[in-house]
Amino acid sequence: PGASANPTVVHDTITVKAGQVFDGKGQTFTAGSELGDGGQSESQKPLFKLEDGASLKNVTIGNNGADGIHLYGDAKIDNLHVTNVGEDAITVKPNGAGKKSHVEITNSTFQNASDKILQLNADTSLTVDNVKAKDFGTFVRTNGGQQGNWDLNLSHISAQNGKFSFVKSDSEGLNVNTQDISLDNVQNHYKVPASANLKVA
Ligand code: DGU
Ligand code: CA
Ligand code: CA
């Protein structure tokens, strides 16, 4: 699904409350200038903020991706299409409880990311399954210079034209498990410390 002709302009971040499901029903959303311009400024706001245990499905994010989607805790994201990623697409934020977030991203596509698609700024067990990425910097980045508790389970992914890396982390104890990953013209497939536990199947 491409960006529809009449996107819903998000002027104020949409919060999905704890445990609730936001079903976009295929609608396209784009950020208003209040949230940012979709460039590389770090001060932009997300279109969606998911509280712990929230889900989001059947959403397209169109021309202005601003700071994408912020996750505070466990989250499930299904059938998301980000056609023009802004500063980044999905960020796992520190949640007040300091507990590891379980995040699933399934059946989704991401395109045109100047830099990162998935940004992990807090301990996360991440599952990504059946996803396509095209024209990006880095597909998954754990927060720069940070040690953390990160498990990345990546399966059935095809990624094309990645100018920096597929997975990049500075975390010595990183765990990565992959299955059926197809990388075409992607630099530095796994730019991770030598001590990382990398299982590529
Ligand atoms: O130390 O935390 O790029 O969430 C650097 C910052 C930086 C974040 C990240 C993000 O990693 O701002 O967009
Ligand atoms: Ca950033
Ligand atoms: Ca960001």
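The basis for the numbers below is simple: all heavy atoms, side chains too, and nothing from hydrogens, waters or symmetry mates. Note that ligands are numbered from 1 as they come in the structure, with each ligand's atoms numbered from 1 the same way.
Looking only at distances, a side-chain donor or acceptor of Q147 sits under 3.5 Å from a matching main-chain atom of E172. Listed for the N185 side chain is no donor-acceptor partner under 3.5 Å among the backbone atoms of N161.
Looking only at atom types and distance, the side chain of Q179 has no donor-acceptor partner in the side chain of N177 under 3.5 Å away. Looking at Q160 and D184, their side chains do bring a donor and an acceptor atom within 3.5 Å of each other. Side chains of D180 and S155: a donor-acceptor N/O pair is absent below 3.5 angstrom, by distance only.
With K100 as the fixed residue, the side chain to side chain donor-acceptor pair (under 3.5 Å) test singles out one of T124, D151, D123: D151.
Inspection of the environment of the Ca ion (ligand 2) yields the following protein N, O or S atoms under 3.0 Å: E42 OE1, E42 OE2, E87 OE1, E87 OE2.
The atom of D67 nearest to the Ca ion (ligand 3) is OD1, with the search restricted to N, O or S atoms.
Listed as neighbours of ligand 1 are E42, E87, D88, K116, Q119, N121, N143, each bearing a heavy atom under 4.0 Å from the ligand.
Partners of D52 under the salt bridge (charged side-chain N to carboxylate O under 4.0 Å, His left out) rule, at least two apart in sequence or in another chain, are K99. Residues satisfying the ring pair (Phe, Tyr, Trp, His ring centres under 6.0 Å) test with F22, not counting sequence neighbours, are F29, F48.
Using bins of under 30°, 30° to 60° and over 60° for the plane-to-plane angle, the ring pair F166/Y190 lands in the perpendicular bin.
Cation-pi geometry between K49 and Y72 is met: under 6.0 angstrom from the ring centre, within 45 degrees of the axis.
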